[in-house]
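The structure appears below as structure tokens.
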2 protein chains.
Amino acid sequence: MPSRRDTIADDLRDRIATGRLKPGERLPSEAHLAAQYMVSTPTLRNALAVLQAEGLVEKTHGKGNFVRRPLHRITYVGGRRTPDEHSMDLAPLSVTVHTTRVRARGHLASLLKMPTGSPLTEILCLAHEDERPHSLARIYVPCDLAPAAVLRDSLPYEAVVTRLMELRPPPAEVREEISVRLPTPEEASTLRISSALAVLAVTRQTADTTGRVIEAALLALPGDRADAVFTTHYMIDERPTNT
Amino acid sequence: MPSRRDTIADDLRDRIATGRLKPGERLPSEAHLAAQYMVSTPTLRNALAVLQAEGLVEKTHGKGNFVRRPLHRITYVGGRRTPDEHSMDLAPLSVTVHTTRVRARGHLASLLKMPTGSPLTEILCLAHEDERPHSLARIYVPCDLAPAAVLRDSLPYEAVVTRLMELRPPPAEVREEISVRLPTPEEASTLRISSALAVLAVTRQTADTTGRVIEAALLALPGDRADAVFTTHYMIDERPTNT
DNA sequence: GAGTGGTCTAGACCACGAG
DNA sequence: TCGTGGTCTAGACCACTCA
């Protein structure tokens, strides 16, 4: 027997899918909807929580529940590509950059294979679509390779990427670790997503030919708007040898 | 101000982390815990829902809440490896295999680049650890490359993998698409996970040198027990050319 | 201040599991 | 049958947003 919560969630989902509730539109208040469906407010709120976790509805305290405008689904491209393609398809997005100087500690220090306390340049990238936050990337580069002063905040994202490629030795190996987790409270509020909407977390480690780590990147891609694709080509001499 | 739900969740999490609540142990009943923390049962249940979404607690209707024995965290290895390594590190897991014959339809047909209705061999792989389900893979191979009869159910997983490599042309290109989503109801019950615990979904498409798709695989890896790693090496001639 | 969502309560009734 | 979790109610009080 389907629960009332799911019944209501299904109905609202259908109303969104068929356009009877349009993107950006405010839903009736929770009290109103509860009366309409003849359920108590907690039950109605549970139904909304389902849609919220699916990324269909965004709630704002004091304002109401809104149908989310579908954000562009981006594809993070990894695998064997040229380094400048090694990024997201950010075509429809504008990226704001904020550069600061921090010190390596904990996980970050070991990722960069540097001692704790080493100076780093942190490049905080926040991708936006129509003023709405989309995804988040934190890039860390050893200070001696890219002094924070060189990457002034006023530079646009593309210029920063170009500048980094000029400043650093070419990458020889990239290791990307992908995991699924709930967003941290900061991520949830920065990205304006429900704390129940899982993110695709990419930890990327880039090394040069000498094995030195020249960049570590932590990406948080909300699961409702990001995929990752990796393509691998096998050489002839890599054929499996069944002995 | 932290909510009571989070305070309680934090406390229980701490009790689990410090071993005061041991893996496999049953928690006191919800009514008991509610009295202990002096909150109502819904509030306590919300706290448990947090731990459940983190994969720390498993609830069973009619029995109670149990501290989950930590399952091995496996790493799905993608990227440029030899094909037989192109798999999960399944060392601590036993895999049961179930082979059936199905017909390609919808997304599956387009993944395999075959017309709808084409006969396929479906290999359902369920990884277990100590009788407890861990992760799920569905592998689809065109029937002419691997007739279901050849892959009898009685074969162990390793034998099936070996058999497939013998039967098919060597893979030349692998495309892996990774996304985050909530489990389907079937996946949630098969894997015995909360429907709120997101899974890492890997859609893998393997083609031979002629471009024919020789395998499609759908993997569902619960987010609390799986990562994916991709390593890319750049050739010299792939250096970025900044003109 | 009016209206909204956020949190919580105290309890009801149902469904499942095990003896 | 008993104890467990699953679902739901009707309403309280607080915090936030906006006019």
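All of these numbers come straight from a predicted model, not from anything done at the bench. Chain identifiers are assigned alphabetically (A, B, ...) following the order of the sequence lines, protein sequences preceding nucleic acid strands; residue numbering begins at 1 within each chain.
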For A:Lys59 and D:dC16, give me the distance from atom NZ to atom C1', rounded to whole Å. 14 Å

Can any side-chain N or O of A:Arg20 pair as donor or acceptor with the backbone N or O of A:Leu12 at less than 3.5 Å? no

N/O (side chain, B:Arg4) to phosphate O (OP1/OP2, C:dT9) under 4.0 Å: yes

Between P on C:dT7 and CG on B:Asp6, what's the gap in Å once rounded to a whole number? 8 Å

Between D:dC8, D:dG5, C:dG5, which nucleotide has the shortest distance from any of its atoms to the side chain of A:Ser29? C:dG5

Given atom OH of B:Tyr37 and atom C1' of C:dT9, what is their separation to the nearest angstrom? 19 Å

Quick one, give me the B/S/- string for nucleotides 11-19 of chain C, reading 5' to 3', where B means a protein heavy atom under 4.0 Å from the base and S means that only happens at the primed atoms, P, OP1 or OP2. B---BBSS-

Has A:Asn65 got a side-chain N or O lying under 4.0 Å from the OP1 or OP2 atom of C:dG5? yes

Spatial distance of atom CG (B:Leu51) from atom CD1 (B:Ile8) [nearest 0.5 Å]: 10.5 Å

Report the distance from atom CG of B:Asn46 to atom C1' of C:dA10, rounded to the nearest whole Å. 15 Å

Nucleotide D:dG3, atom C1' - distance to CG of B:Leu27 in whole Å: 16 Å

Should B:Arg192 and B:Glu58 count as an ion pair when the cut-off is N to O under 4.0 Å? yes

Qualifying residues under side chain to side chain donor-acceptor pair (under 3.5 Å), relative to A:Thr116, sequence neighbours excluded: none

Side chain to side chain donor-acceptor pair (under 3.5 Å) partners for B:Ser40, two or more places apart: B:Thr43

Separation of D:dC8 P from A:Leu44 CG (nearest whole Å): 11 Å

Value in whole Å for how far the C1' atom of D:dT9 lies from CD1 of A:Ile8: 13 Å

Would you tell me if any nitrogen or oxygen in the side chain of B:Arg45 comes within less than 4.0 Å of OP1 or OP2 on D:dG6? yes

Any idea which of D:dT9, D:dG5, C:dT9 is nearest the A:Ser40 side chain? D:dT9

CD1 of B:Ile139 to CD of B:Glu215: how many Å apart, nearest 0.5 Å? 5.0 Å

Between A:Arg73 and A:Asp227, is there a donor-acceptor pair closer than 3.5 Å when you use the side chain of the first and the backbone of the second? no

Distance in angstrom units between A:Glu58 CD and C:dT4 P, rounded: 18 Å

